[in-house]
Each structure stands twice: as C-alpha cells, then as structure tokens.
A.B. asks: 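Shown below is the structure under consideration.
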Amino acid sequence: MKVLTVNHKVSGVGDEEPTVVADTQKLTKEELNRGCPLGVSRVTTLVYICGAHALPGAVKILRPGLIVSAAPELPPPPEDYVPRHFVPLLDTPHSDMLPYMERVADLINEVVINGEVVLVHCVAGVSRSVTLCLAYLVKWHKMTLRDAYHHMKERRPQIRPNTGFFKQLIKYEERLFGEASVKMVYCEAIDKEIPDVYEPDYFGMTWFRQRYGPIEKC
C-alpha cells in the first residue's frame, strides 16, 4: 500500500492500485516574485526585500506599514508616511547582528498580523536584510535555517549573508530549537570556513584546485 501525500499526484483508473507520481514542478523566480516592483523580492505574502536602488519604487507601489533599514551608510531617508526601524550595522563578519534578530523578527510579525506590508532593505539586499528576514522565517514561520535559506534563495538568488552573520543565525536557531540545521565547514577552494549551504557554489573551484592546485598570484 502506498502512502499518498500532498506532494504527489495520483494516476490510474478503475480498481487498479493508484500510482504515485512525485510532483517535481517548481515555480521560477519570476513566478514567485510576480507582481513585485523591479528589484524587489517576495519573502512571504506581506514581507518583501530589496536593495537601496529599488527602495523608492517599492515604497510607492507596496505602501508598506514598516520599513526595516539595515544600511546606516545611506543618507537619511526622505520624510514620508512610513514608520522605519533602523539597524545600525555595517556588513562585516564582525558586526553583531544577533541582538537585533529577535527584535526585528517580532516587529515584522506585529505588522504582518495587522495585514500590512513590511519592506526590509540594506544597500544591496544580499546580506544584512537577508539575515533579518531569515531570522523572521525561523522564528515565526518555524522553518529550519536551511529551509529558510533555500526558500529565500529561490526568490532572490543573489542572497549571501556574510559568514559572521551566518554563524549568528546558527546560534539563533540553536537557541530557539535546541539544534542547528546548518553547520560551518572548511572550503578548500577559498581556504575559509563557510556555511554548508554555500558549498554548491564552490564545487567548480574545489575541483579545479584539487586537479591543478592553487592559483598562483602574480
């Protein structure tokens, strides 16, 4: 007897035992972000992420109830109707994001449960803003950090929190759930420690280094 799940389709007719066919169809980035302003990615139905270049258009179209700004190096924002929460950290592995994760995750949830949009941004929408969105998904959507990362990667392929932030996310997940789904591993290709979810990005470089040795610097 086969056990059917919502991730399977059933084929077959009459009294024959149904055949389980895995539904492997995945939505594209464009489909997942349909309706988003240019340069903006959809994290959840009411949570969006972008870089600074896309911010003006995103504010105009999405009319968010809260903007989370994690880019203290940017000039002061224009005066408008949108409440803002500022995270005064630079994008360096030594910046301590951990104290901000809980507060920002809770703020996002407070706005979302009221049916309003939250827009999270940093300079590029790649590291700081992604780190905060991952913390939100882990706490309030009960995702593992690994699943949250892949969830966002599908929607915004360029995401790449720096290794310091990822170590802090691992600690955050451990604090919430008692264990971590992502671990730091040594990457031979760049001679550094990285989150294991980054390993596929370095397969080619690792193969080259193993076959030909390190690239000599001129």
A.B. asks: Applying a strict under-4.5 Å side-chain criterion to I, L, V, M, F, W and Y, I'd like to know whether Val104 and Phe86 cluster together.
C.D. replies: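 Per the 4.5 Å side-chain linkage, Val104 and Phe86 are not co-clustered.
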A.B. asks: Does the side chain of Tyr100 reach to within under 4.5 Å of the side chain of Leu89, using non-hydrogen atoms?
C.D. replies: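 Yes, close enough: below the 4.5 Å cut-off.
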A.B. asks: A side-chain contact here means heavy atoms from C-beta on lying under 4.5 Å apart; do Phe165 and Leu132 qualify?
C.D. replies: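 Answer no - side chains too far apart.
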A.B. asks: Cluster question for you: counting only ILVMFWY and a side-chain heavy-atom cut-off of under 4.5 Å, with indirect links fine, are Val40 and Ile61 together?
C.D. replies: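 In one cluster with Val40: Ile61, no.
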A.B. asks: Side chains of Val118 and Pro64: closer than 4.5 Å at any heavy-atom pair?
C.D. replies: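 Counting from C-beta outward, Val118 and Pro64 never come under 4.5 Å.
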A.B. asks: Salt bridge or not between Glu154 and Lys29? Use side-chain N to carboxylate O under 4.0 Å.
C.D. replies: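 No, no charged N to carboxylate O under 4.0 Å.
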A.B. asks: Identify whether Leu98 and Trp140 are in the same connected component of the hydrophobic contact network (ILVMFWY, side-chain heavy atoms under 4.5 Å).
C.D. replies: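 They do share one cluster, since a chain of ILVMFWY contacts under 4.5 Å joins Leu98 to Trp140.
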A.B. asks: Which heavy-atom pair separates Tyr172 from Ala135 by the least distance, and what is that distance?
C.D. replies: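 Nearest heavy atoms, Tyr172 then Ala135: CE2-O, 3.7 Å.
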A.B. asks: Report yes or no: does Arg160 contribute a side-chain atom to a donor-acceptor pair with the main-chain N or O of Ser127 at less than 3.5 Å?
C.D. replies: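 No: the side chain of Arg160 does not pair with the backbone of Ser127.
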A.B. asks: State, yes or no, whether a side-chain contact exists between Pro77 and Arg84 at a heavy-atom distance under 4.5 Å.
C.D. replies: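 A side-chain contact under 4.5 Å exists here.
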A.B. asks: Between Glu73 and Arg128, does any side-chain N to carboxylate O distance fall below 4.0 Å?
C.D. replies: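 Yes, charged N to carboxylate O under 4.0 Å.
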A.B. asks: Distance alone, cut at 3.5 Å: any donor-acceptor contact between the side chains of Tyr202 and Glu188?
C.D. replies: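 Distance-only check fails for Tyr202 and Glu188.
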A.B. asks: Does one side chain, of His85 or Ser69, offer a donor that lies under 3.5 Å from an acceptor on the other?
C.D. replies: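 Looking only at side-chain atoms, Ser69 and His85 do not form any donor-acceptor pair under 3.5 Å.
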A.B. asks: Mark yes or no for whether Arg42, through its side chain, and Val47, through its backbone, hold a donor-acceptor pair below 3.5 Å.
C.D. replies: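 Pair absent, no side-chain N/O of Arg42 close to backbone of Val47.
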A.B. asks: Does Ser95 reach the main-chain N or O of Asp91 with its side chain, forming a donor-acceptor pair under 3.5 Å?
C.D. replies: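 A pair under 3.5 Å: no.
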A.B. asks: Indicate whether any N or O donor in one side chain lies under 3.5 Å from an N or O acceptor in the other, for Thr144 and Glu173.
C.D. replies: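 Their side chains do not contain a donor-acceptor pair, so the 3.5 Å distance test is not met.
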A.B. asks: Working to the nearest 0.5 angstrom, can you tell me the gap between Asn33 CG and Thr28 OG1?
C.D. replies: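 OG1 of Thr28 is found 8.5 Å from CG of Asn33.
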A.B. asks: May I ask you to check whether over 12 heavy atoms, not counting those of Leu38, lie within 6.0 Å of atom CG?
C.D. replies: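 At most 12 heavy atoms, drawn from other residues, nucleotides or ligands, come within 6.0 Å of this atom.
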A.B. asks: Taking Leu134 as the starting point, is it possible to reach Leu176 by hopping between hydrophobic residues whose side chains are less than 4.5 Å apart?
C.D. replies: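 Yes, because Leu176 and Leu134 connect within a single hydrophobic cluster, where side-chain heavy atoms sit under 4.5 Å apart.
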A.B. asks: Please check this pair: side chain of Gln168 against backbone of Met97, looking for a donor-acceptor N/O pair closer than 3.5 Å.
C.D. replies: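 Such a contact is found between Gln168 side chain and Met97 backbone.
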A.B. asks: What's the spacing between Glu110 CD and Asn114 CG if we round to 0.5 Å?
C.D. replies: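 Interatomic distance, Glu110 CD to Asn114 CG, rounded to 0.5 Å: 8.5 Å.
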A.B. asks: Do Arg63 and Glu116 meet the salt-bridge criterion of a basic N to acidic O distance under 4.0 Å?
C.D. replies: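 Arg63 and Glu116: not salt-bridged.
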A.B. asks: Is it the case that the side chain of Arg155 and the backbone of Thr44 share a donor-acceptor pair, with hydrogens and angles ignored and the cut-off at 3.5 Å?
C.D. replies: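 Here the side-chain-to-backbone pair does not exist.
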A.B. asks: Does the side-chain contact (heavy atoms from CB on, under 4.5 Å) test come out yes or no for His121 and Leu74, once each step is laid out?
C.D. replies: CA-CA 11 Å; His121 84 91; Leu74 293 177; 3.8 Å; yes
A.B. asks: Would you call the rings of Tyr198 and Phe166 parallel, tilted or perpendicular, taking 30° and 60° as the class edges?
C.D. replies: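 If you compare the ring of Tyr198 with that of Phe166, the planes turn out perpendicular.
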A.B. asks: Do Tyr186 and Asp191 pair up side chain to side chain, a donor and an acceptor below 3.5 Å, judged on atom types alone?
C.D. replies: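 Side-chain D/A pair, Tyr186 to Asp191: present.
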A.B. asks: For a quick test of reading the model, state the closest non-hydrogen atom pair linking Ser129 to Cys50 and the distance between them.
C.D. replies: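 In this case the closest contact between Ser129 and Cys50 is OG-O, 4.4 Å.
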A.B. asks: Does His141 form a side-chain contact (heavy atoms from CB on, under 4.5 Å) with His151? I'd like the steps, not just the answer.
C.D. replies: CA-CA 11 Å; His141 287 259; His151 172 89; over 6 Å; no
A.B. asks: State, with a plain yes or no, whether a side-chain heavy atom of Met184 is found less than 4.5 Å away from one of Pro195.
C.D. replies: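 With C-beta onward as the side chain, the pair touches.
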A.B. asks: State, to 0.1 Å, how close Arg156 and Gly125 come at their nearest heavy-atom pair, and which atoms those are.
C.D. replies: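 For Arg156 versus Gly125, the nearest heavy atoms are NE-O, 2.7 Å.
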A.B. asks: Output the distance between atom OG (Ser41) and atom CD1 (Ile49), rounded to the nearest 0.5 Å.
C.D. replies: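 If we round to the nearest 0.5 Å, Ser41:OG and Ile49:CD1 are 7.0 Å apart.
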A.B. asks: Without swapping roles, check the side chain of Lys183 against the backbone of Ala180 for a donor-acceptor pair under 3.5 Å.
C.D. replies: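 Here the side-chain-to-backbone pair does not exist.
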A.B. asks: Enter the distance from Leu32:CG to Leu27:CG here, rounded to the nearest 0.5 Å.
C.D. replies: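 Leu32 CG to Leu27 CG: 5.0 Å, rounded to 0.5 Å.
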A.B. asks: Check Pro88 against Pro72 and note the closest heavy-atom contact, atom names and distance.
C.D. replies: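 Shortest heavy-atom contact: C-CG, 3.8 Å.
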A.B. asks: Under a 3.5 Å distance rule, please check whether Asp196 uses its side chain to pair with a backbone N or O of Val185 as donor and acceptor.
C.D. replies: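 Flag not set: sc Asp196 to bb Val185 has no pair under 3.5 Å.
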A.B. asks: Is there a side-chain contact (heavy atoms from CB on, under 4.5 Å) between Val68 and Leu119 once you walk through the steps?
C.D. replies: CA-CA 6 Å; Val68 177; Leu119 181 60; over 6 Å; no
A.B. asks: To the nearest 0.5 Å, tell me how far Tyr136 OH sits from Lys139 NZ.
C.D. replies: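 The NZ atom of Lys139 is 11.5 Å from OH of Tyr136, to the nearest 0.5 Å.
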A.B. asks: Do you reckon Leu107 sits in the same ILVMFWY cluster as Val138, going by side-chain contacts under 4.5 Å, direct or chained?
C.D. replies: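 Same hydrophobic cluster.
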A.B. asks: Give a yes or no on this: more than 12 heavy atoms of other residues, nucleotides or ligands lie within 6.0 Å of atom CD of Glu179.
C.D. replies: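 No, CD of Glu179 has 12 or fewer neighbouring heavy atoms, counting only those of other groups under 6.0 Å.
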A.B. asks: How long is the gap from CG on Leu90 to CG on Asn162, to the nearest 0.5 Å?
C.D. replies: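 Reported value, rounded in 0.5 Å steps: 11.0 Å.
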A.B. asks: Before giving the answer on side-chain contact (heavy atoms from CB on, under 4.5 Å), spell out for Ile159 and Val126 the whole-Å C-alpha distance, their side-chain angles and the decisive distance to 0.1 Å.
C.D. replies: CA-CA 4 Å; Ile159 67 169; Val126 168; 5.5 Å; no
A.B. asks: Is a side-chain donor-acceptor pair under 3.5 Å present for Ser181 with Arg146?
C.D. replies: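 Their side chains do not contain a donor-acceptor pair, so the 3.5 Å distance test is not met.
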